[in-house]
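Let me begin by presenting the structure, written as structure tokens, before commenting on it.
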Amino acid sequence: MGFLLSNYQLTICILLYSLIFCFSSSSSAHLCHNDESTALLQFKQLFSFNCSACDCSAYSAPFTDHWKEGTDCCAWDGVTCDNTTSHVIGLDLYCNCLYGTIHPNSSLFNLVHLQHLDLSLNNFNHSQILPSFGRFTNLTHLNLNYSSLSGPIQSSSREDWQGNNFTNSIFHIQKLQELSLAGNRELTGKLASFINGTLRHLRHLRSLDLSSTGFTGELPNSIGQLENLEELYLYDCNFSGTIPTSFGNLKKLRTLDLGGNNLTNGQFPSSISHLRNLEELYLDDCNFCGTIPTSLGNLKKLRMLDLGWNNMINGQFPSSIGHLKNLEELYLQHCNFFGTIPAWLGNLKKLRILYLPGNNLINDQFPSSIGHLKNLVELKLADCNFSGTIPRSLTNLTRLISLDLSHNNFEGPIPQLFSNFSQLQSIDFSNNQLTGPIPSSITGLPNLQYLYLGSNSINGTIPPSLFHLVNLTDLDLSSNNFSDTVELDTFAKLEYLFFLDLSNSGLSLTTTNSTPSSFRNITTLRLSSCNINKIPEFLKTRMEWLYMLDLSNNHLNEELNPLCNLHSLEYLDLSNNQFGGLIPTCLGNFSGYLMVLNLQSNNFSGTIPETFGYASSLKELDISNNGLQGVLPRSLVNCTNLEILNLCHNFIEDAFPFWLENLPRLMIIVLRDNKFHGPIEQPRERLAFTNLHIIDMSHNDFTGTLPSKYFESMYSMMMDDEDKSSVNYMGPRYGYYYSVTIMNKGLEMKLIRIITIFKAIDFSHNKFHGNIPISIGRLKALCVLNFSGNGLTGLIPMSLGDLTKLESLDLSQNKLSGEIPQQLTKLTFLEVLNFSQNNLTGLIPRGGQFETFSNTSYEGNLGLCGFPLSKNCGNVQIAESPTLPSSFSHNFKFKFDGFGWEAVLMGYGCGVLLGLLIGSCIIQRKEEWLVRIFGVKMCQHGKRSKKVWKKLAHTKSIINCL
Ligand SMILES: *[C@@H]1O[C@H](CO)[C@@H](O)[C@H](O)[C@H]1NC(C)=O
Ligand SMILES: *[C@@H]1O[C@H](CO)[C@@H](O)[C@H](O)[C@H]1NC(C)=O
Ligand SMILES: *[C@@H]1O[C@H](CO)[C@@H](O)[C@H](O)[C@H]1NC(C)=O
Ligand SMILES: *[C@@H]1O[C@H](CO)[C@@H](O)[C@H](O)[C@H]1NC(C)=O
């Protein structure tokens, strides 16, 4: 019985078990519908696999690889089926390297049961968003972000809508809850009509993302109709106008992002204060000025607030923010706040991230309130004018992961307090005046990945414990006062190092024991002025990732051939060494990435290799100050990206390289001091050298007349209306700028950065003859014009009076005759004038800047008379000396407080900035100031650099001058 029973029980058990088994297996292994399987396979076939065409950076093998005919499509990666009906209800092909067009009859549209569709981060090659999408009647989530879609989105016609023709337009997808179209720049249309024609019909829409698309127009009032929205992202479009009050209707909004639009300068929109459910608010870079209303304090649920890059002119820190007790992230960078950081900031106990860079906390002491924010993980206080020692009040912020105190005036040693900051991964103390050695509190931080201590006065030796920071990827010790000799390979112990900058650190690096296998992961290696006298072995091997190598200002005197393995280089700066021999041909063959090649001031000889013609990315070629001979290789005409070509001071013997006239980007060409010869003749093409900013052909043997036709096509030199609200430097990418040495105002001058509004022509010391062409007067943007030391004859053209930006005019040592045109007194920026050693006659004009020139400007012209010469003009009436021009008196009014910087006092227009540049060449410390004000901010903020200038509004003297 016992046996029977148990047998019976066993049977039941087996039965039950198999029932359960069958049931569960039938429900998990849904068999996909044949037509859907076919549709998916057909869809896959339409695309090629092309990851480089997609914006996706973190792709793995595409899902579609595993889609095989005859297998259950419900089991395929990226495909989701309904548990009961087995229909395909989800398709997720995010980041799958799909490249191709979506056609109206694509089999994709047969998957009519889809509820979730994500095709983002693929490349659909300008496909339009087709009406066929309307077939997905049950779709709730549609994500097409960053997938190269284009065109207007066809909105529904009224007839279709009324006739319930739901097959006809994407936005008859009545159930749609989430729509993401961000990053499709070619999607165009007015937001107003998109809302009216389409969006307002989508009653269930909760989330809408149109960021970085081509939608334009004013933000329409009708946006208030989208009442069910909980998330709205309109970042980085071109919306204009103001924020409409109807925004206040969107009561369910939790996230609102309107950053980076072209909104009209306006007050902070108070309608936003009605959105009581807001948790995240991004209004960065929106042109708001004025103060922040107290009503902002109503948004009690706010966790995230970004008001960065707005112009809260002369604003105090808005106390309303102090009421936002739930804030976890607060971004207020570059908001023009001034004064002290208030105590209430310490009440925001939940704050994890705080950004205050670039505010005008002039000479403020460090606010103790920040020390109360114990939950902070990220704290950025760059460029806030803080001074004193690094404050003790930071002691409690032991949860910090990232701390940025760069670009302030902190001084004294780095305190020990950081030893408790075990989470710390990133430290940026660069650009302060910190002294003392690198403390053990920093080298003891086990998780440190980024350590930036550049541009301080840190001294002493490199502590061996630094090399225990095995997680370091970025190390910047540049521009300090270390006194130590270190074997470069010691740094190679940090095996994850990507970025190493030891330039001007005071360190001497030995490389004699370097091994070929060091620094396998390095991408950027900057070792300028490190007393290196031997190329390290590892640089002679293939370095897969190295794209920037700076060995300038060392004592290297080898040949370059060993560097021929560095195929991935984009920047190579070997200037100011004693490298010799031939320039190796391999430099031109570098796999097409090479952008910057600076071989200035070495001992290279021989000819310039033809292979540069293959370096199609080349933007800067500087081989000045060497012993190069022969002709300029014609292959350079293939370098269509070339922006600066500097051949100064070699022995190149060639005719004028007219064949460069077509290079569309060429901005600077310096042929000074070579053996170029012959006439320049006329341009071969109608558009020649149209983008040129600086041309220096001085000290050669050019003959013939001045090339008047070229002056007629140098359009860039005619544009004197460039946007002065931004200072732009020439350079291929942020962090690296072109520099060039030119003769200006009688001095050899190194422009360490070249602002784009600086335009110059120097044809001095050649054998040009004939007249100065009248067409020169069209180059209205010229700052410097030098025709001295030629055989020019005839009159000084009156049209020179049109060069209203001119600061330096040198026509000395020619055979010019006649009177000095009165029109030149219009040149209010003219600071240097040299007409000496000509045959000029008559009365020197009076007025304007002419009151400031001394007799050296005119000497050697026997026929000139009047002020400032002692020679009287006899019976000629001498005009009353007019009052000083305003520009002149201004020249002596500017004073940069605390800088006492005479070089600034040079005039208006490009002169002020040029003055800044010159000043920076004169005194190193001033350069740092310059870099601080202009350069570094630009390089830190990339696309938003246009905002930098606005901040400068506070440096009143500069903005007044412009
Ligand atoms: C379908 O089944 C999966 C796993 O078997 C389960 O995670 C999911 O919740 C089910 N979905 C529905 C709608 O029942
Ligand atoms: C859409 O969903 C409804 C309700 O869930 C369902 O009855 C209908 O069959 C679905 N339509 C399609 C095409 O899947
Ligand atoms: C729906 O629109 C399509 C395309 O315009 C058209 O071919 C079809 O006849 C329309 N159907 C109805 C019922 O109006
Ligand atoms: C909205 O669209 C309808 C037709 O669909 C049109 O009649 C109306 O004028 C539009 N309104 C606005 C404000 O564009």
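Whatever order the structure lists ligands and atoms in, that order sets their numbers, starting from 1. Here the structure is a predicted model, which means the values were calculated and not measured.
Within the listing of ligand 2, atoms 1 (C), 2 (O), 3 (C) sit less than 4.0 angstrom from a heavy atom of K175. Contact atoms of ligand 2 toward H113: 12 (C), 13 (C), 14 (O) (distance under 4.0 Å to a heavy atom of the residue). Residue contact check: V112 has heavy atoms under 4.0 Å from atoms 13 (C) of ligand 2.
Using cut-offs of 30° and 60° on the angle between ring planes, the pair H141 and H116 is parallel. Classification of the H33-H87 ring pair by plane angle, with boundaries at 30° and 60°, yields parallel. F194 and F215 have parallel rings, their planes meeting at less than 30° on a 0 to 90° scale where 60° marks the start of perpendicular.
The closest heavy-atom contact to atom 12 (C) of ligand 2, among the options L114, V88, N138, D82, comes from N138.
Separation of atoms CG (L330) and CG (L307) is listed at 7.5 Å; rounding is to 0.5 Å.
Distances from atom 9 (O) of ligand 2 to the protein include no heavy-atom value under 4.0 Å. Less than 4.0 angstrom separates atom 2 (O) of ligand 2 from at least one non-hydrogen atom of the protein.
Just one residue in the list E329, Q333, E378 forms a side chain to side chain donor-acceptor pair (under 3.5 Å) with Y355, and that residue is E378.
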